[in-house]
**Student:** 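One structure coming up, written as C-alpha cells, with questions to follow.
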Amino acid sequence: MSFRVLLDEIRTNLLQVTTRLQIPEVSFTLEPAKSEFGDVTCNIAFLTSKHLKKRPYDIAKLISDEYQKNLGTLVSKVEPHQSGYLNFYANNAQLNRLVINAAKDAIYGMVDIGKKSRVIVEHTSVNPNKALHIGHVRNVVVGDTIARILSKANHDVVVLNYVDDSGLQVADIIVGFKHLGFSETPPDGQKFDNYCGDEVYVKTTEQYAQNKSLEEIRNNILKELEDGRSDIAKFGKSVTNRVLAEQLKTCWRLGAYYDCLNFESEIVRSHLWPDIFEKLKKMNLIKYESEGKNAGCWVILSQDEDKVLVRSNGTATYIAKDIPYAAWKLGLVDDPFYYKKYSVQKNNKVLWQTTLEENRDPKQHFRSNVVVTVIDSRQARLQNIITELISKFDSSQKSYLHLGYESVTLSADTANVLGIDTKGKNTQMSGRKGLYINADSVLDMLEQKTIDETKKRNPDLSNESLHEIASKVAVATLRYEMIKQDLDKIITFDYSKSLSLDGDTAPYIQYAYARAVRILEKAQAKPDFEASYELLDSEYETNLVKLIGRFDLNVEDAANNLSPKVIAKYCHNLAVTFNVFYEHVKVLDSENADTVNARLCLVHSFKSCLENALNLLGIETPSRM
RNA sequence: GGGCUGGUAGCUCAGCUUGGACAGAGUGCUGGACUUCUAAUCCAGUGGUCAAGGGAUCGAAGCCCUUCUAGCCCGCCA
C-alpha cells in the first residue's frame with residue numbers, strides 16, 4: 001500500500017463526480033505533482049475543454065467544487081489552478097500512517113506485473129580469453145539490475161551467461177600457448193584472466209601481422225575446437241574454464257549472480273544446429289545461393305541485406321550459432337542438455353552449467369517464452385535479424401528481445417594514461433590492442449579511496465570493518481556509474497571524473513542511509529508504529545513520506561520500460577530528500593516524546609525503503625562510512 | 001551510399017513513450033553553515049534562442065517533416 005492508494009481513491013471519486021456533472025468520459029491522467037501544486041494533479045480539464053466549449057480553468061473549478069463536497073479519506077483539499085490543472089492535496093496524517101507502516105515491510109514496492117511468469121535474462125557473456133573490462137561491467141550491471149527489477153515485478157527470472165568457448169578469440173590464446181611459448185602459469189599473483197587478456201591475447205594478435213602462417217594455424221585450431229574430441233579442444237576447455245572461473249569472481253564481486261552457464265561448444269556439438277537448419281529450409285526462411293557474391297552459401301532472407309548463415313565450405317557462421325541458442329532459450333526445440341552444479345554462489349543460489357554428458361543431477365528447466373538478451377547496441381543489426389527470423393519461425397506468444405546499450409569509451413586523458421594519443425577525442429576500448437580499463441583495478445582504486453575517506457571520519461573502526469565498507473562503497477560506486485544514465489548514452493570513463501565519491505553518486509546515497517542508521521542507533525527507544533502521525537507536518541517530513549510512497553510506481557515504470565536508471569534516479573531522489581530533512585529536522589532533539597517517536601518511525605521507514613530500492617541496483621548499505 | 005542512436009546550463013545528464021503550470025539535477029564557479037542525529041552534507045547565488053528550420057495543435061523540449069552535427073553498424077570475422 002502506498003501513494004497508489006491515494007491515486008486509486010481519487011480516480012474512483014473523480015469518476016463519480018464527472019458522472020454527476022455529466023462530463024464526458026475521457027482517459028485523464030492522475031500523477032504525482034510537483035510540491036508547489038499539491039500532491040496529485042489531473043489534466044481532465046484540458047481534455048474536455050474542447051467538447052464542453054469551456055476554458056480549462058472553469059471546468060477544473062466546476063469539478064473541484066463538486067469533489068470538495070465529499071473528500072473521502074485521503075484527500076484534504078481540491079483546487080483548480082489558473083493553468084487549468086486540477087490539484088489534489090493529501091490528508092497528510094492519513095497518508096503518513098499508511099506509507100510509513102507499509103514501507104517497513106520487506107516486500108514493499110512489489111508490483112504484480114509478471115504474475116509469476118518466467119523471463120530469461122541473458123547477460124555478461126564475455127569471451128573466456130580475457131578479464132572483464134569496464135565495458136563488460138556495463139553489461140553485467142545492466143543485466144543484473146534488470147533481473148532484480150523484473151523479480152520485484154513478480155516475474156520468475158532465470159539468468160543465463162553464455163560462454164563463447166569455441167570462437168576465434170579462444171583460438172587466439174591457444175595459438176599463444178601452443179605455438180608462441182607462453183607459459184600456462186601467470187607470473188606470481190596475477191589473475192589468470194588478466195594474464196590471458198593482457199599478455200597472451202594482445203601479444204599473440206600482434207604477431208599475426210608479421211607471421212602469416214600463424215593465421216592458418218589458428219584456423220585449424222578453430223576447427224578442432226568445434227569438433228570437440230581433439231587434444232586441442234580439451235586444452236581449450238581447460239584454459240577457458242580457468243578464465244571463466246576468474247571472470248566469475250569479478251562478476252560475483254560486483255554482486256551479479258546467475259542460474260546457468262551455457263557453453264557454445266556444447267550447442268555446437270549438440271544436434272540443435274542440424275535440426276534447426278532443416279526446419280529453416282523446410283519453412284523457406286533461408287535460401288541456397290547458386291550465383292552472385294554469396295554463391296554456394298545458405299543465407300537468411302531478411303528485409304535487410306541477406307546474411308550468410310552457412311559458408312560455401314559448409315561451416316556455420318557466428319549467427320548460425322546464435323539461432324539455435326535463441327531457439328533453445330525460447331523452448332522451440334527439444335532440450336538436448338543435462339545439467340550439473342557449477343557452484344553455490346554467495347547469495348546461496350546454485351549455479352548450474354549445461355553438459356552433454358548424462359549425470360545424476362536433476363534435469364533443469366531454464367527456458368521461457370520471453371527472453372531478454374543484454375548485448376551492446378553495436379550488435380543491434382544482427383540481433384534484429386535473429387528477432388525477425390524467430391518471429392517467422394514461431395508466430396505464437398514468444399518474444400525475443402534485444403536490450404541494447406551504448407558502449408563505454410575512454411576519455412582522451414585516460415587514453416593518454418594508457419599511452420595512446422587520441423588528439424583530444426574519446427576512444428573506443430579494444431581488447432585486441434590492450435586498450436581498456438580492467439574492472440577489478442577500478443574496484444581496487446575505489447576501495448582504497450573509500451578506506452582513506454572512511455578512516456578520516458571513523459578513526460576507531462577495525463581494519464575488517466574498513467574493508468567491508470570499502471567493498472560495499474566501491475561496488476556501489478561503479479554499479480551506479482553504469483546505470484544512472486540512459487542505456488542509449490555513451491559512458492565516457494575518465495580516471496579523475498568517474499571515481500568521484502561526491503554529488504550524484506552511490507556514496508551520497510549510502511551516506512544518507514548511514515545517517516539514518518545512526519539516528520536509530522542513538523535513539524533511546526525503538527520506534528513505536530502506533531505513532532501520532534499528524535505530528536509529521538513540515539514539508540521536510542511530508543515530502544519524504546510521499547516519496548517513500550512512490551516506490552512501487554517507480555518499480556512499475558522501471559520494469560515496464562526495462563529501464564534500470566529509473567530506480568537509480570529514485571534512490572538518489574530519496575537520499576536528497578532525506579538529507580534535506582536531516583539538515584532541517586532534529587529527530588532526537590524534538591519538542592516532545594511523541595514527536596521523537598513519530599520521526600523515528602519515518603526514519604526507520606526511509607531506511608527500510610532505501611535499502612529495498614538499493615537492493616534492486618545490487619547496492620549494499622553500510623551502517624557507517 | 002544505406003541503417004541505428006545521440007544533440008537540453010561551461011561540463012555530465014534528467015524530463016520526451018502518455019503534449020499543458022516559471023525546463024530540472026549533479027558538477028564547475030562565487031559566497032554562507034560543523035561545541036549539534038557523521039559537513040561523503042546542507043543553504044544561497046551563477047548559468048539554457050531545449051542543434052536549426054518548417055508543420056499540425058488553443059498549447060511543443062516532447063508529435064510530424066526537412067536540414068545540420070556526433071557516434072556506431074553495414075565480412076563466407078566473432
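Below, read A as the first sequence line, B as the second, and so on, with proteins coming before strands; counting in each chain starts at 1. Reckoned from all heavy atoms, side chains included, excluding hydrogens, waters and symmetry mates.
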**Student:** Measure centre to centre between the rings of A:F37 and A:Y85, then say whether the value is under 6.0 Å.
**Tutor:**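 No, the ring of A:F37 stays outside the 6.0 Å limit from the ring of A:Y85, centre to centre.
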**Student:** Kindly label the base of B:C34 as syn or anti, based on whether its glycosidic torsion lies within 90° of 0.
**Tutor:**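 Syn conformation here, the glycosidic angle of B:C34 being no more than 90° from 0.
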**Student:** Are side-chain heavy atoms of A:V585 and A:R599 found at a separation under 4.5 Å?
**Tutor:**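 Touching, per the 4.5 Å side-chain cut-off.
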**Student:** Quick one: look up who B:A39 pairs with, Watson-Crick or G-U, both distances under 3.5 Å, and put none if it's unpaired.
**Tutor:**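 Base partner found: none.
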**Student:** Can you tell me, in whole Å, how much space there is between the P of B:A9 and that of B:A56?
**Tutor:**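 Result for the P pair: 29 Å, nearest Å.
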**Student:** Quick check for you: among B:C13, B:U38, B:C76, whose closest atom lies nearest to any side-chain atom of A:K569?
**Tutor:**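 Looking only at heavy atoms from C-beta outward on A:K569, the closest nucleotide is B:C13.
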**Student:** Need the pair for B:A60. Rule: Watson-Crick or G-U wobble, both distances under 3.5 Å, any strand; none if unpaired.
**Tutor:**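 For B:A60, the partner nucleotide comes out as none, under the 3.5 Å rule.
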**Student:** Report the nucleotide, chosen from B:U41, B:A21, B:C42, that has the shortest atom-to-atom distance to any side-chain atom of A:N87.
**Tutor:**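 Of the candidates, B:A21 comes closest.
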**Student:** Counting the atoms with a prime plus P, OP1 and OP2 as sugar-phosphate, which does A:A514 contact under 4.0 Å by heavy atoms, base, sugar-phosphate, or nothing?
**Tutor:**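 Base, at least one base heavy atom under 4.0 Å.
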**Student:** A:R624 or A:L47: which one's nearest nucleotide on RNA chain B is closer to the 5' end?
**Tutor:**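 The residue whose closest nucleotide sits nearer the 5' end is A:L47.
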**Student:** For A:S407, report the nucleic acid contact type (base, sugar-phosphate, nothing); a contact means any heavy atom under 4.0 Å.
**Tutor:**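 A:S407: no heavy atom of the nucleic acid under 4.0 Å.
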**Student:** Is there a side-chain polar atom (N or O) of A:Y540 under 4.0 Å from OP1 or OP2 of B:C42?
**Tutor:**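 So the side chain of A:Y540 is outside the cut-off, no N or O lying under 4.0 Å from OP1 or OP2 of B:C42.
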**Student:** Pick base, sugar-phosphate or nothing for A:K456, based on heavy-atom distances below 4.0 Å to the nucleic acid.
**Tutor:**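 The answer is nothing, as A:K456 stays clear of every strand by at least 4.0 Å.
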**Student:** Taking the side chain of A:V580 as heavy atoms from C-beta outward, which of B:U38, B:A40, B:C43 is closest to it?
**Tutor:**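 Between B:U38, B:A40, B:C43, the one nearest the side chain of A:V580 would be B:C43.
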**Student:** Can you tell me whether the side chain of A:T41 and the base of B:A21 have a donor-acceptor pair closer than 3.5 Å?
**Tutor:**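 Under the 3.5 Å cut-off, the side chain and the base do form a donor-acceptor pair.
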**Student:** Answer with base, sugar-phosphate or nothing: what part of the nucleic acid does A:L520 contact at a heavy-atom distance below 4.0 Å?
**Tutor:**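 Since no nucleic acid heavy atom lies under 4.0 Å of A:L520, the category is nothing.
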**Student:** Could you let me know what B:G45 is paired to, Watson-Crick or G-U wobble, both distances under 3.5 Å, or none if it's on its own?
**Tutor:**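 Paired with B:G45, as far as the under-3.5 Å criterion goes, is B:C29.
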**Student:** Do A:L520 and A:H604 pass the side chain to side chain contact (heavy atoms under 4.5 Å, CB included) test, and can you show the C-alpha distance, the side-chain angles, and the key distance before you say yes or no?
**Tutor:** CA-CA 7 Å; A:L520 294 166; A:H604 180 94; 4.2 Å; yes
**Student:** State, yes or no, whether a side-chain contact exists between A:I134 and A:L410 at a heavy-atom distance under 4.5 Å.
**Tutor:**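 In short, these two side chains touch, coming nearer than 4.5 Å.
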**Student:** Any ion pair linking A:E226 and A:K223 (charged N to carboxylate O, less than 4.0 Å)?
**Tutor:**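 No, A:K223 and A:E226 are not salt-bridged.
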**Student:** Within the stacking criterion (centroid distance below 5.5 Å, interplanar angle below 30°), does A:F37 stack on B:A21?
**Tutor:**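 Stacking is present between B:A21 and A:F37, given that their ring centres fall under 5.5 Å apart and the planes under 30°.
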**Student:** Side chains of A:V475 and A:I619: does their closest heavy-atom pair fall under 4.5 Å?
**Tutor:**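 A:V475 does not reach A:I619 side chain to side chain.
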**Student:** Between B:U17, B:A39, B:A78, which one does the side chain of A:L168 approach most closely?
**Tutor:**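 Closest nucleotide to the A:L168 side chain: B:A78.
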**Student:** Which of the following nucleotides, B:C43, B:C58, B:C11, is nearest to the side chain of A:K497?
**Tutor:**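 Looking only at heavy atoms from C-beta outward on A:K497, the closest nucleotide is B:C11.
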**Student:** Do the side chain of A:D165 and the main chain of A:T240 share a donor and acceptor less than 3.5 angstrom apart?
**Tutor:**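 Looks like no, no N/O pair under 3.5 Å.
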**Student:** Give me the distances for all protein-to-nucleotides 25-32 of chain B N/O pairs that come in under 3.5 Å?
**Tutor:**
residue : atom : partner : partner atom : Å
B:G26   : O2'  : A:D504  : N            : 3.3

**Student:** Look at the side-chain N and O atoms of A:R515 and state whether any lies under 4.0 Å from the OP1 or OP2 oxygen of B:C42.
**Tutor:**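 For A:R515, the contact criterion (side-chain N or O under 4.0 Å from OP1 or OP2 of B:C42) is not met.
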**Student:** Do any N or O atoms from the side chain of A:R218 and from the backbone of A:I174 form a donor-acceptor pair under 3.5 angstrom?
**Tutor:**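 No; zero donor-acceptor contacts below 3.5 Å.
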**Student:** Quick check: does any side chain N or O of A:T422 sit under 3.5 Å from a backbone N or O of A:K425, one acting as donor and the other as acceptor?
**Tutor:**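 Present.
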**Student:** Please evaluate the base of B:C37 for a donor-acceptor partner in the side chain of A:E583 within a cut-off of under 3.5 Å?
**Tutor:**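 No such pair is found, so the answer is no.
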**Student:** By the 4.0 Å heavy-atom rule, please label A:S377 as base, sugar-phosphate, or nothing.
**Tutor:**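 The answer is nothing, as A:S377 stays clear of every strand by at least 4.0 Å.
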**Student:** I'd like to know if A:T317 reaches the base of B:A78 with its side chain, counting only an N/O donor and acceptor under 3.5 Å.
**Tutor:**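 No pair found.
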**Student:** Students often get this wrong, so: under 4.0 angstrom with heavy atoms, is A:N573 touching a base, only sugar-phosphate, or nothing?
**Tutor:**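 Answer is nothing: A:N573 stays at 4.0 Å or more from every strand.
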**Student:** Between B:U5, B:C13, B:U57, which one does the side chain of A:E406 approach most closely?
**Tutor:**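 Taking heavy atoms from C-beta onward, the closest nucleotide is B:U5.
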**Student:** Report yes if at least one side-chain N or O of A:R218 is closer than 4.0 Å to OP1 or OP2 of B:C77; otherwise report no.
**Tutor:**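 No.
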**Student:** Among the candidates B:C42, B:G2, B:G71, find the nucleotide nearest to the side-chain atoms of A:Y508.
**Tutor:**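 Output: B:C42.
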**Student:** Just N and O in the side chain of A:Y405: are any of them under 4.0 Å from OP1 or OP2 of B:U5?
**Tutor:**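 No, outside the criterion.
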**Student:** For the rings on A:Y511 and A:Y508, is their centre-to-centre separation under 6.0 Å?
**Tutor:**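 No.
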**Student:** Below 3.5 Å, does any donor atom in the side chain of A:R457 face an acceptor in the base of B:A39, or the other way round?
**Tutor:**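 Side chain to base: no pair present.
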**Student:** B:A21, B:C37, B:A78: which one has an atom nearest the side-chain heavy atoms of A:L382?
**Tutor:**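 The answer is B:A78.
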**Student:** For A:S125 and A:Y162, indicate whether the former's side chain and the latter's backbone hold a donor-acceptor pair under 3.5 Å.
**Tutor:**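 Looks like yes, one N/O pair under 3.5 Å.
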**Student:** Have a look at A:I490 and say if it touches a base, only the backbone sugar-phosphate, or nothing, with a 4.0 Å heavy-atom cut-off.
**Tutor:**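 Since only primed, P, OP1 and OP2 atoms lie under 4.0 Å of A:I490, the category is sugar-phosphate.
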**Student:** For A:V603, report the nucleic acid contact type (base, sugar-phosphate, nothing); a contact means any heavy atom under 4.0 Å.
**Tutor:**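 Result for A:V603 = nothing.
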**Student:** By a strict heavy-atom criterion of less than 4.0 Å, which residues belonging to residues 590-600 of chain A are in contact with RNA chain B?
**Tutor:**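 Heavy-atom cutoff 4.0 Å gives no residues at all.
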**Student:** Tell me which nucleotide, if any, is Watson-Crick or G-U wobble paired with B:G75 when both distances must be under 3.5 Å.
**Tutor:**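 Checking every strand shown, B:G75 finds no partner, since no pair has both distances under 3.5 Å.
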**Student:** Have a look at A:K449 and say if it touches a base, only the backbone sugar-phosphate, or nothing, with a 4.0 Å heavy-atom cut-off.
**Tutor:**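 Here A:K449 touches no strand at all.
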**Student:** Can you find a donor-acceptor N/O pair under 3.5 angstrom joining the side chain of A:N579 to the base of B:A39?
**Tutor:**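 Flag unset: no donor-acceptor pair detected.
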**Student:** List the steps, then state whether side chain to side chain contact (heavy atoms under 4.5 Å, CB included) holds for A:N384 with A:E388.
**Tutor:** CA-CA 6 Å; A:N384 279 339; A:E388 195 189 328; 5.9 Å; no
**Student:** Taking for each residue the nucleotide of RNA chain B bearing the nearest heavy atom, is the 5' side occupied by A:K586 or by A:S312?
**Tutor:**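 This one resolves to A:K586.
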**Student:** So do A:E468 and A:P622 actually touch side chain to side chain, heavy atoms under 4.5 Å?
**Tutor:**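 No, every pair of side-chain atoms sits at 4.5 Å or beyond.
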**Student:** Determine the contact category for A:A45: base if any of its heavy atoms lies under 4.0 Å from a base atom, sugar-phosphate if only primed atoms, P, OP1 or OP2 are that close, otherwise nothing.
**Tutor:**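 Answer is nothing: A:A45 stays at 4.0 Å or more from every strand.
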**Student:** Can you tell me which nucleotide in B:G71, B:A40, B:C76 comes closest to the side chain of A:Q428?
**Tutor:**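 Shortest atom-to-atom distance from the side chain points to B:G71.
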**Student:** Pick base, sugar-phosphate or nothing for A:V585, based on heavy-atom distances below 4.0 Å to the nucleic acid.
**Tutor:**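 Since a base atom lies under 4.0 Å of A:V585, the category is base.
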**Student:** Identify which nucleotide among B:G71, B:C13, B:A21 has an atom closest to any side-chain atom of A:Q485, counting heavy atoms from C-beta outward.
**Tutor:**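 Of the options given, the side chain of A:Q485 lies nearest B:C13.
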**Student:** Can you tell me the Watson-Crick or wobble partner of B:A51, both distances under 3.5 angstrom?
**Tutor:**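 Its partner is B:U67.
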**Student:** Under 4.0 Å between a side-chain N or O of A:K54 and OP1 or OP2 of B:C58?
**Tutor:**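 Looking at the OP1 and OP2 atoms of B:C58, neither is under 4.0 Å from any side-chain N or O of A:K54.
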**Student:** Just to be sure I understand the rule, does A:D486 reach a base, reach only the sugar-phosphate, or reach nothing, if contact means heavy atoms closer than 4.0 Å?
**Tutor:**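 Touches sugar-phosphate only.
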**Student:** Does A:E36 reach a base, just sugar-phosphate, or nothing at all? Heavy atoms under 4.0 Å.
**Tutor:**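 Since a base atom lies under 4.0 Å of A:E36, the category is base.
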**Student:** So what's B:U17 paired with, Watson-Crick or G-U wobble, going by both distances under 3.5 Å?
**Tutor:**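 B:U17 is paired with nothing.
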**Student:** Side chain to side chain contact (heavy atoms under 4.5 Å, CB included), that's the test. Do A:F578 and A:L544 meet it? Break it down for me.
**Tutor:** CA-CA 6 Å; A:F578 178 78; A:L544 185 55; 3.9 Å; yes
**Student:** Reckon A:Q169 touches a base, only the sugar-phosphate, or nothing at all at heavy-atom distances under 4.0 Å?
**Tutor:**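 If one applies the 4.0 Å heavy-atom cut-off, A:Q169 turns out to touch nothing in the nucleic acid.
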**Student:** So does A:R378 get a side-chain nitrogen or oxygen closer than 4.0 Å to the phosphate oxygens (OP1/OP2) of B:C4?
**Tutor:**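 Checking B:C4 against A:R378, no side-chain N or O comes under 4.0 Å of OP1 or OP2.
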**Student:** So, is A:Y318 close to the B:A78 phosphate, meaning a side-chain N or O under 4.0 Å from OP1 or OP2?
**Tutor:**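 Checking B:A78 against A:Y318, no side-chain N or O comes under 4.0 Å of OP1 or OP2.
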